[in-house]
Amino acid sequence: MQTTLNFENATFNGSDYVPDRDNKRLGHQLEKIYNLMQDGVFRSLYEISIITGEPPASISAQLRHLRKVRFGGHTINKKYRDNFATKVN
């Protein structure tokens with residue numbers, strides 16, 4: 001089930017998460033990755049990083065977030081190439 005995603009009001013969590021410090025940054029990061037991947041092109045974490053300017057570890061975390069219901073419950077497809085690539089539906 002996919003829901004509408006409101007990046008400004010996305011709720012993150014984690015042991016190092018401080019809402020006042022991190023929420024805007026993480027919401028913007030998630031929006032950049034989501035918007036890029038909407039075209040359905042498989043990309044490696046490295047390729048996403050080059051395009052968005054975000055670190056691969058953060059991209060991986062945001063792709064995991066996009067699978068969660070509170071972030072839209074999106075299907076994240078993986079495809080083996082010569083390196084790891086992802087696709088968001």
Side-chain angles (χ1 to χ4, degrees):
M1 176 176 121
Q2 293 185 358
T3 60
T4 303
L5 186 56
N6 181 340
F7 298 103
E8 291 182 17
N9 295 324
T11 303
F12 299 91
N13 59 4
S15 61
D16 292 335
Y17 174 68
V18 177
D20 290 340
R21 178 192 68 196
D22 299 325
N23 206 62
K24 185 175 181 177
R25 175 183 59 83
L26 293 173
H28 180 67
Q29 185 180 71
L30 181 64
E31 183 175 20
K32 284 196 299 186
I33 294 163
Y34 175 81
N35 288 338
L36 172 67
M37 298 309 294
Q38 280 298 116
D39 64 6
V41 174
F42 282 96
R43 294 180 178 91
S44 68
L45 295 176
Y46 175 76
E47 290 167 327
I48 299 169
S49 178
I50 293 300
I51 295 167
T52 63
E54 302 296 342
S58 295
I59 294 163
S60 181
Q62 296 295 13
L63 291 171
R64 286 192 304 274
H65 279 130
L66 287 170
R67 287 187 175 108
K68 298 174 183 176
V69 173
R70 74 176 193 256
F71 292 99
H74 297 277
T75 300
I76 310 296
N77 294 315
K78 296 179 185 181
K79 178 180 175 182
Y80 181 80
R81 281 193 317 199
D82 291 333
N83 54 7
F84 176 81
T86 58
K87 177 179 176 181
V88 176
N89 285 337

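We use all heavy atoms of the structure for the numbers below, so side chains are in, but hydrogens, waters and symmetry mates are not. Quick caveat, the model's predicted, so the values are computed rather than measured.
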Looking at residues at least two apart in the chain, or sitting in another chain, which of them share a side chain to side chain donor-acceptor pair (under 3.5 Å) with [X]?
X     : value
Arg67 : none
Ser60 : Arg64
Asn35 : none

### Minimum heavy-atom distance Val41-Asp39, with the two atoms named
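So the two residues come closest at N-OD1, 3.0 Å.
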| Shortest non-hydrogen contact from Leu26 toward Gln62 |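 Leu26 and Gln62 have their closest heavy atoms at O-NE2, 3.3 Å.
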*State the CD1-CG distance between Ile59 and Leu30, to the nearest 0.5 angstrom.*
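That separation rounds to 11.5 Å.
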Measure the spacing between CD1 of Ile76 and NE2 of His65 and express it to the nearest 0.5 Å.
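Interatomic distance, Ile76 CD1 to His65 NE2, rounded to 0.5 Å: 12.0 Å.
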message: Could you walk me through whether Arg43 and Leu36 satisfy the side-chain contact (heavy atoms from CB on, under 4.5 Å) test, starting with their C-alpha distance in whole Å, then the side-chain angles of each, then the deciding distance to 0.1 Å, before giving a yes or no?
response: CA-CA 10 Å; Arg43 294 180 178 91; Leu36 172 67; 3.6 Å; yes
Side-chain donor/acceptor pairs under 3.5 Å, residues 49-57, sequence neighbours excluded:
{"unit_1": "Ser49", "atom_1": "OG", "unit_2": "Glu54", "atom_2": "O", "d": "2.6"}
{"unit_1": "Thr52", "atom_1": "OG1", "unit_2": "Ile48", "atom_2": "O", "d": "2.8"}
{"unit_1": "Thr52", "atom_1": "OG1", "unit_2": "Glu54", "atom_2": "N", "d": "3.2"}
{"unit_1": "Glu54", "atom_1": "OE1", "unit_2": "Gln29", "atom_2": "NE2", "d": "2.8"}
{"unit_1": "Glu54", "atom_1": "OE2", "unit_2": "Lys32", "atom_2": "NZ", "d": "2.6"}

Could you give the side-chain donor-acceptor pairs of residues 12-20 under 3.5 Å, partners two or more places apart or in another chain?
{"unit_1": "Asn13", "atom_1": "OD1", "unit_2": "Arg70", "atom_2": "NH2", "d": "3.4"}
{"unit_1": "Tyr17", "atom_1": "OH", "unit_2": "Asn23", "atom_2": "OD1", "d": "2.7"}

